[in-house]
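Model, not experiment: these values are computed from the prediction. Starting from 1, each residue takes its place in the sequence as its number.
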Amino acid sequence: RPMAVERHPYKQYFIEIEVYNLNGRYKVWPYVGRSPSAYSETKLHFVLAGDFETKKLAVEAAVKEGQKKIDVGFDVESSE
């Protein structure tokens, strides 16, 4: 179970990040997604390897990588 879940909007998408504390280190399980309507959303996991000293560093790395994925056209729809 994640210790926290954060959602960061970016362009017409969002980056959702599950944060886990593993023996004092932080690991993230991030997604890029979009909400085409108020009643549905599509999101797709991407890998962010490694762990981080702080939650803040982990979240910042996930947001930065998610923004890169969106900028290069990461296909959120391929999860369906």
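Under the salt bridge (charged side-chain N to carboxylate O under 4.0 Å, His left out) criterion, E18 pairs with no residue at all, not counting sequence neighbours. Annotation: side chain to side chain donor-acceptor pair (under 3.5 Å) contacts of N23 (sequence neighbours excluded): none. The ring-ring contact (aromatic ring centres under 6.0 Å, His included) search around H45 returns W29, Y31, not counting sequence neighbours. Under the rule for a side-chain contact (heavy atoms from CB on, under 4.5 Å), the partners of D51 that lie at least two apart in sequence or sit in another chain are R25. Taking K64 as the reference, nothing meets the salt bridge (charged side-chain N to carboxylate O under 4.0 Å, His left out) condition, with sequence neighbours excluded. Among residues two or more places apart in sequence or in another chain, the salt bridge (charged side-chain N to carboxylate O under 4.0 Å, His left out) test is passed with K27 by none.
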With a 3.5 Å cut-off and sequence neighbours excluded, list the donor-acceptor pairs that the side chains of residues 52-60 form with protein atoms.
| residue | atom | partner | partner atom | Å |
| --- | --- | --- | --- | --- |
| T54 | OG1 | L57 | N | 3.0 |
| K55 | NZ | E6 | OE2 | 3.4 |

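Taken from CZ in R7 to CD in E41, the straight-line distance is 4.5 Å, to the nearest 0.5 Å. One finds the OH atom of Y13 at 11.5 Å from the CG atom of L44 (value rounded to the nearest 0.5 Å).
Within the 4.5 Å cutoff, no side-chain heavy atoms of I15 are placed close to those of K69.
Listed here is the closest heavy atom pair of V28 and A62: CG2-CB, 4.0 Å. Closest heavy-atom contact between R34 and Q12: CB-O, 3.9 Å. In this structure, R1 and Y20 approach most closely via the heavy-atom pair C-CE2, 3.6 Å.
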Start with the C-alpha gap between Y10 and D71, add the side-chain angles, then the distance that decides, and say whether side-chain contact (heavy atoms from CB on, under 4.5 Å) holds. CA-CA 10 Å; Y10 184 69; D71 289 343; 3.0 Å; yes

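One hydrophobic cluster, built from ILVMFWY side chains closer than 4.5 Å, cannot hold both F14 and L48; they sit in different ones. In terms of hydrophobic clustering, with Ile, Leu, Val, Met, Phe, Trp and Tyr side chains grouped at heavy-atom distances under 4.5 Å, I17 and M3 are assigned to a common cluster.
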